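Read through the structure below, which is laid out as structure tokens, and then see the notes.
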Amino acid sequence: MTTAMTTAPSRTDLQKVRNIGFIAHIDAGKTTVTERVLFFTGRTYKIGNIDEGTTVMDFMDIERERGITIGSAATAAEWNGYQVNIIDTPGHVDFTAEVERSLRVLDGGVVVLDAVAGVQPQSETVWRQADRHGVPRLIFVNKMDRLGADFDHAVDSVHRRLGANAVPVQIPIGVEAEFRGMIDLISRRAFVYDSEEAIGHGETPVPEELIDKVEVYRQRLVEKVAETDDDLLMKYLDDQEITEQELGSALRRAVCTLKIFPVFCGSALRHRGVHPLLDAVVSYLPSPLDVPPVKGSNPSDRTQTVERPASLGTPLSALSFKVVTDQHVGRLVYLRVYSGALRSGATVHNPSTRKKERIGRLLKMHAERREEILEAGPGEIVAAIGLKNVFTGHTLCDRNDPIILEAIEFPDPVLSVAVEPKTRVDQDKMTFALARLVDEDPTLRLSEDEESGQQVLAGMGELHLDVVIERMRREFNVEAAVGAPRVAYRETFSRVAEAQGRFVRQTGGHGQFGDVTLRIDPLERGAGLVFESAITGATLPREYFAAIEAGFREAAQSGIIAGYPIVDVKAQLVDGSYHEVDSSEIAFKVAASMAFKNAAAKARPIILEPVMKMEVITPAEFLGDVLGDLSSRRAQIQNMEGTVGTQTVTAHVPLAETSQYATHLRSITTGRSSFVMELDHYAPAPTEAIKAAVGA
């Protein structure tokens with residue numbers, strides 16, 4: 001890794017800043033698009049290739065060998081006077097947390113779709129994540145030169161599967177092997193690539209045979225944009241001429257407000273459509289000034305909302321969204337600055353830990369290379385060295401004007417393995433390595449099995465855990481033995497119950513007294529843990545309510561059937577008593593834990609198993625074998641869609657039944673089928689699964 005030094009402080013015009021991310025299903029071409037963008041913006045001087053392992057953004061050895069993106073990588077480029085900060089994210093569902101934290105700090109996104117497959121399962125996942133964070137998006141239909149490419153099918157799949165208002169702003173010239181460019185519907189210009197090796201395009205009038213088609217698509221575009229803008233709608237209804245500038249400005253407003261998702265096309269591998277896509281990024285995606293001011297809460301009063309406009313004149317607010325261990329400089333914390341200025345050497349406040357932190361050095365990242373800077377302003381994405389107690393989701397702010405930004409939520413792990421060092425020499429190294437890897441990845445959980453004493457590592461799937469073990473071997477030189485994967489079951493209750501917990505201890509001095517009665521109610525799947533009080537401060541001082549809630553939540557970490565965490569339960573405080581002298585927070589915490597466990601024994605506990613949403617794409621000739629195999633795995637078929645010679649099967653399959661599915665699917669379909677899966681929901685486990693869970 002190399003470091004350059006920049007001494008001038010950052011004073012970029014915020015209107016000319018774009019913070020974007022490339023997001024998509026695995027193999028749709030995100031990294032290839034990003035590599036072409038870096039080349040055409042002059043950020044790199046050689047085009048990176050995934051197959052050759054020469055990509056800039058996939059810089060880890062394990063990424064280059066496997067040909068997939070594992071960690072999100074940040075870089076910055078310039079295009080026509082605009083600064084474009086870019087994050088390239090993974091497409092595999094096991095690394096969805098990387099997408100989640102990237103979308104949390106981005107102002108806009110480019111969703112890359114495969115022109116043959118259209119919207120795929122992980123496309124749906126990242127789209128929902130972007131919806132949750134309110135991120136405006138462009139859609140780039142990639143691989144238009146592939147056999148079976150269909151632009152209209154890809155756009156239609158966005159409408160059908162995502163329910164999004166996708167509106168083509170370009171249409172392709174030719175398709176498959178005949179794909180040679182695209183037509184911009186706003187300006188009625190054609191971008192044509194005159195040879196197979198052409199890196200640049202030529203601008204020509206619209207080919208005569210496509211003039212009628214262009215007018216039909218342009219009319220649809222004008223209608224869709226006019227629906228979002230009253231002034232434009234009046235001109236449209238009065239049959240007045242709408243200028244290119246008016247149409248472009250209205251489209252930009254519609255994109256920034258999530259009313260329209262414009263669609264572009266190209267083939268990144270053959271460099272086609274990348275220049276117009278970059279023009280679209282700076283023309284239609286928002287700057288930090290176009291998005292609403294970031295909102296947070298006052299650390300001393302969480303009910304009070306605080307806003308921070310994107311300005312150097314407002315107090316500092318920055319969010320930590322990623323932690324990386326770098327072998328050259330140690331711990332790097334990636335930050336998005338929302339307001340104020342972050343300076344090298346400055347002391348800042350971390351309201352999450354209530355401690356001050358000193359910024360050692362500030363770096364602007366370009367994948368694995370870095371450039372040292374003295375200051376970062378609003379809208380910038382940088383990395384800091386020296387932040388020892390800042391973790392993913394923490395806020396950095398001015399001590400005199402504090403704010404705590406909304407933390408990043410990550411899904412719970414669904415699979416775990418036992419890990420132990422192969423030699424005694426590896427013991428200390430493994431402890432250090434696992435601590436660093438868990439620090440980096442919020443979806444990794446490390447615990448100790450009380451019975452065996454083994455370290456248990458939980459993650460998002462088999463690939464996720466495989467990569468972590470491989471990174472431990474390569475980056476930390478630790479050889480570990482790994483046990484068979486274990487499913488992350490949960491426990492819940494099937495009926496209402498109520499019980500008392502009384503904690504009384506008498507000693508020579510003050511004793512301990514806590515008396516709590518809790519009622520527990522089952523909730524719908526996905527509701528989590530809820531605590532509320534049905535009594536007033538007259539029955540029990542309110543100062544003990546927080547301790548009672550803490551006791552309930554702590555007790556819920558371990559169920560009574562097999563010790564799995566309890567979920568989807570509401571605990572209601574219905575009664576209690578206290579002693580003027582002997583009562584304390586710790587006494588009520590213990591009493592609440594006792595009350596919860598007593599009630600749990602009466603509430604008919606059940607075990608829940610994770611159920612995955614699986615999508616299998618198979619040649620039609622193997623459909624019967626695939627369906628038969630899925631049925632043997634307790635699958636519930638949800639949907640089947642067919643195209644010429646290919647069938648796509650969507651099913652819900654218990655995670656416990658998916659072990660070694662990839663190998664088995666290859667076997668029964670001679671390697672011609674593929675699948676993806678992600679956690680969909682938890683459901684009550686049948687008797688056989690319960691036996692496996694209890695014995696696990």
Side-chain angles (χ1 to χ4, degrees), residues 302 352-354 391 393 407 409-414 416 438 442-451 453 455-458 488-494 496-505 511-523 526-535 540-579 582-608 682 693-694:
R302 290 299 188 94
S352 300
T353 60
R354 298 180 182 177
F391 300 95
E409 293 186 6
F410 296 102
D412 289 329
V414 296
S416 63
V438 170
T443 58
L444 273 181
R445 305 281 168 81
L446 185 63
S447 60
E448 185 174 299
D449 188 304
E450 293 182 3
E451 293 183 8
Q455 295 289 308
V456 177
L457 190 65
Y489 292 97
R490 299 285 186 264
E491 294 185 27
T492 192
F493 305 124
S494 56
V496 177
E498 187 176 302
Q500 181 186 30
R502 242 175 107 81
F503 180 65
V504 182
R505 289 285 186 275
Q512 294 283 359
F513 180 87
D515 176 22
V516 173
T517 301
L518 291 180
R519 168 193 164 105
I520 55 178
D521 295 84
L523 298 176
L529 296 176
V530 177
F531 175 81
E532 62 182 42
S533 173
I535 65 174
L540 207 62
R542 288 188 176 276
E543 64 191 81
Y544 297 128
F545 286 12
I548 293 169
E549 181 178 357
F552 147 64
R553 292 186 179 276
E554 193 172 291
Q557 294 302 308
S558 179
I560 64 173
I561 300 178
Y564 294 107
I566 294 171
V567 295
D568 305 336
V569 170
K570 178 174 76 173
Q572 192 173 49
L573 174 61
V574 294
D575 200 5
S577 62
Y578 69 104
H579 189 278
D582 292 345
S583 287
S584 65
E585 289 189 3
I586 188 66
F588 274 99
K589 184 177 179 181
V590 174
S593 176
M594 293 167 64
F596 181 74
K597 288 178 179 177
N598 291 339
K602 306 176 188 177
R604 197 179 293 158
I606 58 174
I607 284 185
L608 301 174
Y682 275 83
V694 173

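As the structure is a prediction and not an experimental result, all values here were calculated from the model.
In this structure, Ser583 contributes its side chain and Gly514 its backbone to no donor-acceptor pair below 3.5 Å. Listed for the Gln455 side chain is no donor-acceptor partner under 3.5 Å among the backbone atoms of Leu446.
Closest approach of Ala488 and Pro413 over heavy atoms only: CB-O, 3.6 Å. Considering all non-hydrogen atoms of both residues, Ala599 and Ala497 come closest at O-CB, 3.4 Å. Nearest heavy atoms, Val567 versus Leu529: CA-CD2, 4.2 Å.
A search for side chain to side chain donor-acceptor pair (under 3.5 Å) contacts involving Ser352 returns nothing, not counting sequence neighbours. By the side-chain contact (heavy atoms from CB on, under 4.5 Å) test, Val456 pairs with Ser416, Ser447, Asp449, Arg486, sequence neighbours left out. For Asp568, there are no side chain to side chain donor-acceptor pair (under 3.5 Å) partners at least two apart in sequence or on another chain. With sequence neighbours left out, Arg519 forms a side chain to side chain donor-acceptor pair (under 3.5 Å) with Asp521. Partners of Asp575 according to the salt bridge (charged side-chain N to carboxylate O under 4.0 Å, His left out) rule, which considers only residues two or more places apart in sequence or in another chain, do not exist here. Remark: Lys570 pairs with Glu532 by the salt bridge (charged side-chain N to carboxylate O under 4.0 Å, His left out) rule, at least two apart or across chains. Partners of Asn598 according to the side-chain contact (heavy atoms from CB on, under 4.5 Å) rule, which considers only residues two or more places apart in sequence or in another chain, are Ala499. Annotation: salt bridge (charged side-chain N to carboxylate O under 4.0 Å, His left out) contacts of Arg604 (sequence neighbours excluded): none. Not counting sequence neighbours, Ser558 has no partner by the side chain to side chain donor-acceptor pair (under 3.5 Å) test. Qualifying side-chain contact (heavy atoms from CB on, under 4.5 Å) partners for Pro541, counting only residues two or more places apart in sequence or in other chains: Glu543, Tyr544, Tyr578. Remark: Ala407 pairs with no residue by the side-chain contact (heavy atoms from CB on, under 4.5 Å) rule, at least two apart or across chains.
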side-chain contact (heavy atoms from CB on, under 4.5 Å) between Phe552 and Ile520, worked out
CA-CA 10 Å; Phe552 147 64; Ile520 55 178; 5.6 Å; no
Determine, stepwise, if the pair Phe493 / Ile566 fulfils side-chain contact (heavy atoms from CB on, under 4.5 Å).
CA-CA 8 Å; Phe493 305 124; Ile566 294 171; 3.8 Å; yes
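To the nearest 0.5 Å, atoms CD1 (Ile606) and CD (Glu491) are separated by 9.5 Å. The CG atom of Leu540 lies 8.0 Å from the OG atom of Ser533; values are rounded to the nearest 0.5 Å. Taking CZ of Phe588 as the reference point, atom CZ of Phe503 lies at 11.5 Å (rounded to 0.5 Å). Between the OH atom of Tyr564 and the CG atom of Leu608 there is a distance of 12.0 Å, given to the nearest 0.5 Å. In this structure, CD in Gln572 is found 9.0 Å from CD in Glu498, a value given to the nearest 0.5 Å.
Contact check for Phe545 versus Ile535: side-chain heavy atoms found under the 4.5 Å cut-off. Under the 4.5 Å side-chain criterion, counting only non-hydrogen atoms from C-beta, Pro522 is in contact with Val496.
Under the side-chain contact (heavy atoms from CB on, under 4.5 Å) rule, Val574 has a single partner from Val516, Leu518, Thr517, which is Thr517.
Identified under the salt bridge (Lys or Arg N to Asp or Glu O under 4.0 Å) test for residues 551-562, with sequence neighbours left out: Glu549-Arg553, Glu554-Lys589.
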